[in-house]
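Values in this document were obtained by computation on a predicted structure and should not be read as measured data.
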Amino acid sequence: MKYTVFLAVTFLLFSCNKNSGTNTSFVQDLTALEKAIEQATPGDEIVLANGSWKDVQIDFYGRGTASQPIILRAENPGKVFLEGKSSLYLGGEYLVVEGLYFRNGYSPRSSIVAFKIGQDSTAFHSRISNCVIEGFTKPSRLINDHWIEFYGQHNQLDHCYIAGKSNDGETLRVFHTGNQNTSNYHQIVNNYFGPRPRKGGPRAETIRIGDSKTHMTPGYVNVADNYFEACNGEVEVISDKTNFNTFRNNIFYKCEGSLVLRHGSFAKVDGNIFIGGDESGFYGGVRVINTGHWITNNYFYKINGEVFRSPLAMMNGIPKSQLNRYRQVTDVVVAHNTWVNCKSPWQVGVGQNIASADVLPEVEIRSAPPIRSIIANNLIYNDQADDSPVVNHSSIDGVLFRNNVLHNDGLTFTKYDALQLQDVKMKQINEWLFAPEEGQSGFIDSLYNGFDFDKIEQDLFGSSRADKNLVGAISQLAKAENYQLDQGRYGPSWFSTNRATAEPAVLTASSKAGELARLLDQAEAGDIIELTDKEYTLNGSLKIDKEIIIRSAGEDKAQLLFSGGESTPAFEMNPKGSLRLKNIRIKGKAGQLAFAPLKENMSSAYKLLVDDCEIEGFSYLLKASKGSFADSITVSNTLIQNCENGFVLAADEKGDYNAEMVSIDKCTFINVQRNVVHFYRGGYDESTIGGFLSITNNNFMNCGAKEESSVLLKTRGIINVFITGNTFRQNPVKLVALLWGEKNNHHRDNTMINSGGIKVEEQQKLEILY
């Protein structure tokens, strides 16, 4: 794979030996550190003693030189921990920070790391390297911040590991406001961007470059040789909003989002690898808006996202678009890319919404299709036939297709004259990498020579296209055969992303007072607690703050009788809590909750899985709190009866919502009086999955007697709703559900007996969140 020459030069520059006059200050507390910073001169080195530095807000100001930077580093990389309320801001010139580890806390400021101190001290030619920021997230997911803020010019973040942001705001933000921040040539290279969990609302990009107000600003930011793993915050993993930026040689591994050319123009997207899989339909590729982009030498494997998350999504624009909306795609080149086993990989005119003209203002109607754009010399390879490799959402006439090859397991595709069918022999090199075998001819080596195509000099793995050139991202098999995806070359050399997994312990709990709560506190993540007695009395909430399984020891269901106070839950879901209940009977009374997250400071998502259980007598089965978020709620084979309310996931507004994946399957609901399911999102945008609700093969009987809305299953604003194979008997409501047909709301094979019906509204008028 090609490497960035600039990176090598910059690394050499910062790593050069200092002269013999270098002063090294070894500091052990904040007072000594501040004094050393104040006295530092070019070539000086400040060494932080190993150990925990708690509640330190470091302002690192100094003026080094290109040959003698001022260095702030850990005594030993990874042994200096910044914890509690800590942060690091840089101002001045030629500063280097190395080897720090942020954990067990959060920044009290607007960011953890910033290349700026206050309004006047911006950093230039400075570098943060070999550092870790892990789980250093705000107590509430509703509080906005950015973990890393770029200002100034010629700054660099390299060989860092950054993961676990769960609150509002981008992980990394590049600011372009003001002349000192434009044409900045920042380098974001060789980093490991680890998992970012689903946020359940917008403003959760991993990297954002600029904003709508700076869409005409030159950036020249280089995002190269990074590894992105499970960056699932929202639909945009990277959001490019300034001009002339480069995205090269990055790996996107199972990310439920895309590299999005949002407001910027003239981007270069070259040599990136997008790896998906069959386990999610939300893995994304590249989404294109605006002008002049070159998208070349990229490889996509099992990217099965749809529409906004399509492997290649060329959007419709809005005529005379406002700054923060969608400009028309023009003058874009998509050449020498490969898609392997992707679902409907090319989608043109994505976001066309003319049918919504009656419920949206005119300035929101995306009616301008892509024009003056070329898709040429690309390869689509499917070992199982895809009947729609190209999807036209609007008008495709403005796109010129030339010499694109389709291997489609024998199924032809002749629409739009976009693809030439050819039997292409591919060699499988590893689980996800396929490359054309040698000695093939036909359209695979008959290329379209477009304007400036000679500048596509190398393929994905650095082979010269002048020596041999084929369609797709890979022109020579030998280099592909030698390719090894080495996660170790991303992030700090001292930090391992591998986590040891221990076999879960099985703990047995008797009905002795307090024993179950005590075992929960002592258990390690992943452990199993078995209930050996028939009946347990819970005098207070059970705190769930780790991954835990609770199940009956035998075939008979153990019964939990909850006697806690009013408005308290039997199971209190805490940040990162993951609870699986199996074969248990849970009984409460009026005023109590079966499950509920904390009322505040839900910094991270929780998970709930209930199987083969019986739950009865509660005021709420589950009641979300404002700012809480469940990554997944799965309830199966469970009886829910004689409850005042069911699942109430309706505490947030303005685009945020309280759960991502909700599945209810093979359950029976009897006499749930209101809010059987109330899954709500107030207003909408297209930055997230938008909520996913699956209600399948259930029985609902005598529910909804006190439902004021007269709708049994309330799903307003939720994007993905599937109601299938259920039976509704004697439910005194007008409607079982009111679905949003224009979005991904579907119903089929349901039986209605004295329960109203299911109504579909193709267009629902909702507040737009921009």
- Side chain of N404, backbone of N377: donor and acceptor closer than 3.5 Å? yes
- Note on the structure: Tightest non-hydrogen contact, residues E256 and N232, listed as N-OD1, 2.8 Å
- Rounded distance (nearest 0.5 Å) linking atom CD of E438 with atom CD of Q476: 7.5 Å
- Task: Please check if atom OH in Y448 has more than 12 non-hydrogen atoms from other residues, nucleotides or ligands closer than 6.0 Å.
- Result: yes
- Query: Cut-off 3.5 Å, side chains only: do N155 and N184 have a donor facing an acceptor?
  - Reply: no
- Check whether the side chains of D225 and N190 place a donor and an acceptor atom closer than 3.5 Å, and report yes or no. no
- Query: Counting only heavy atoms not in E279, do more than 12 fall under 6.0 Å of its CD?
  - Reply: yes
- Message: I want to know whether Y490 and F193 have ring centres closer than 6.0 Å.
- Response: no
- Kindly assign one of parallel, tilted or perpendicular to the pair Y483 and W432, based on the angle between their ring planes and the thresholds 30° and 60°. perpendicular
- Message: Check this for me, if you would: do D278 and K302 make a salt bridge, where the nitrogen-to-carboxylate-oxygen distance has to be below 4.0 angstrom?
- Response: yes
- Item | Check: E234 side chain, K199 main-chain N or O, donor-acceptor pair, under 3.5 Å | no
- Message: Surrounding NZ of K213 (heavy atoms of other residues, nucleotides or ligands, distance under 6.0 Å), is the total greater than 12?
- Response: no
- Task: Answer yes or no: is there a side-chain heavy-atom contact under 4.5 Å between R327 and H215?
- Result: yes
- Message: Treating N353 as the side-chain partner and E364 as the backbone partner, does any N or O pair qualify as donor plus acceptor under 3.5 Å?
- Response: yes
- Message: Restricting to non-hydrogen atoms, name the atom on K165 and the atom on H146 that form the minimum distance, rounded to 0.1 Å.
- Response: CE-CA, 4.3 Å
- Item | Polar side-chain atom of N337 near backbone of A335 as donor-acceptor pair, under 3.5 Å | yes
- Note on the structure: Which of I456, N272, L460 passes side chain to side chain contact (heavy atoms under 4.5 Å, CB included) with T296? It is I456
- CA sep, side-chain torsions, deciding dist, call: L379, M426, side chain to side chain contact (heavy atoms under 4.5 Å, CB included): CA-CA 11 Å; L379 172 62; M426 299 282 272; 4.0 Å; yes
- Task: Could you pull out the closest heavy-atom pair between C255 and A230, with the gap in Å?
- Result: SG-N, 3.7 Å
- Item | Residues Q347 and S310: side-chain donor-acceptor under 3.5 angstrom | yes
- May I ask you to check whether S694 and S663 show a side-chain donor-acceptor distance below 3.5 Å? no
- Are the side chain of S258 and the backbone of V260 linked by a donor-acceptor contact shorter than 3.5 Å? no
- Sidechain-backbone polar pair: N745 side chain, W740 backbone, donor-acceptor under 3.5 Å: yes
- Query: Would N226 and N250 count as having a side-chain donor-acceptor pair, cut-off 3.5 Å?
  - Reply: yes
- Start with the C-alpha distance between Y283 and F252, add both sets of side-chain angles, then the distance that settles side chain to side chain contact (heavy atoms under 4.5 Å, CB included), and finish with yes or no. CA-CA 9 Å; Y283 297 140; F252 296 85; over 6 Å; no
- Task: Measure across G285 and F300 and return the closest heavy-atom pair with its distance rounded to 0.1 Å.
- Result: CA-CE2, 4.0 Å
- Message: Is it true that Y227 and Q487 share a donor-acceptor pair across their side chains at a distance under 3.5 Å?
- Response: yes
- Just wondering, are more than 12 heavy atoms of other shown residues or ligands nearer than 6.0 Å to CG in D417? no
- If we ignore angles and hydrogens, is there a donor and acceptor under 3.5 Å between the side chains of T217 and T242? no
- Message: Using the rule given for side chain to side chain donor-acceptor pair (under 3.5 Å), can you reason through T330 versus T291, listing the C-alpha separation, both sets of side-chain angles and the distance that settles it, and then say yes or no?
- Response: CA-CA 5 Å; T330 69; T291 294; 2.7 Å; yes
- Query: What's the verdict on side chain to side chain contact (heavy atoms under 4.5 Å, CB included) for V333 and F453, showing C-alpha distance, side-chain angles and the deciding distance?
  - Reply: CA-CA 9 Å; V333 173; F453 275 35; 3.8 Å; yes
- Message: Regarding E236 and R208, does a basic nitrogen lie under 4.0 Å from an acidic carboxylate oxygen?
- Response: no
- Can you check whether S493 reaches N130 side chain to side chain, under 4.5 Å on heavy atoms? yes
- Query: Minimum heavy-atom separation for C342 to P345, with atom names?
  - Reply: O-CD, 3.8 Å
- N222-T246 side chain donor-acceptor pair, cut-off 3.5 Å: no
- Message: Donor-acceptor check, side chain of D445 to backbone of L470, threshold 3.5 angstrom: yes or no?
- Response: no
- Message: Looking at every non-hydrogen atom in both residues, tell me the closest pair between R262 and R325 and how far apart they are.
- Response: NH1-O, 2.9 Å
- Task: Consider only side-chain N and O atoms of R127 and S129, and report whether a donor and an acceptor are under 3.5 Å apart.
- Result: yes
- Query: So, E149 side chain and F175 main chain: donor-acceptor pair closer than 3.5 Å or not?
  - Reply: no
- Task: Please check if any side-chain donor atom of D459 sits under 3.5 Å from a side-chain acceptor atom of H336, or the reverse.
- Result: no
- Task: Check whether the ring centres of F434 and H407 lie less than 6.0 Å apart, and answer yes or no.
- Result: no
- Could you tell me whether the side chain of Q428 and the main chain of N430 form a donor-acceptor pair under 3.5 Å? yes
- Out of H393, M315, Q328, which one pairs with R366 under the side chain to side chain contact (heavy atoms under 4.5 Å, CB included) rule? M315
- Query: Do the non-hydrogen side-chain atoms of N378 and V334 ever get within less than 4.5 Å of each other?
  - Reply: yes
- Are Y185 and Q153 close enough that some pair of their side-chain heavy atoms sits under 4.5 Å apart? no
- Any sub-3.5 Å donor-acceptor pair from S321's side-chain atoms to P319's backbone N or O? no
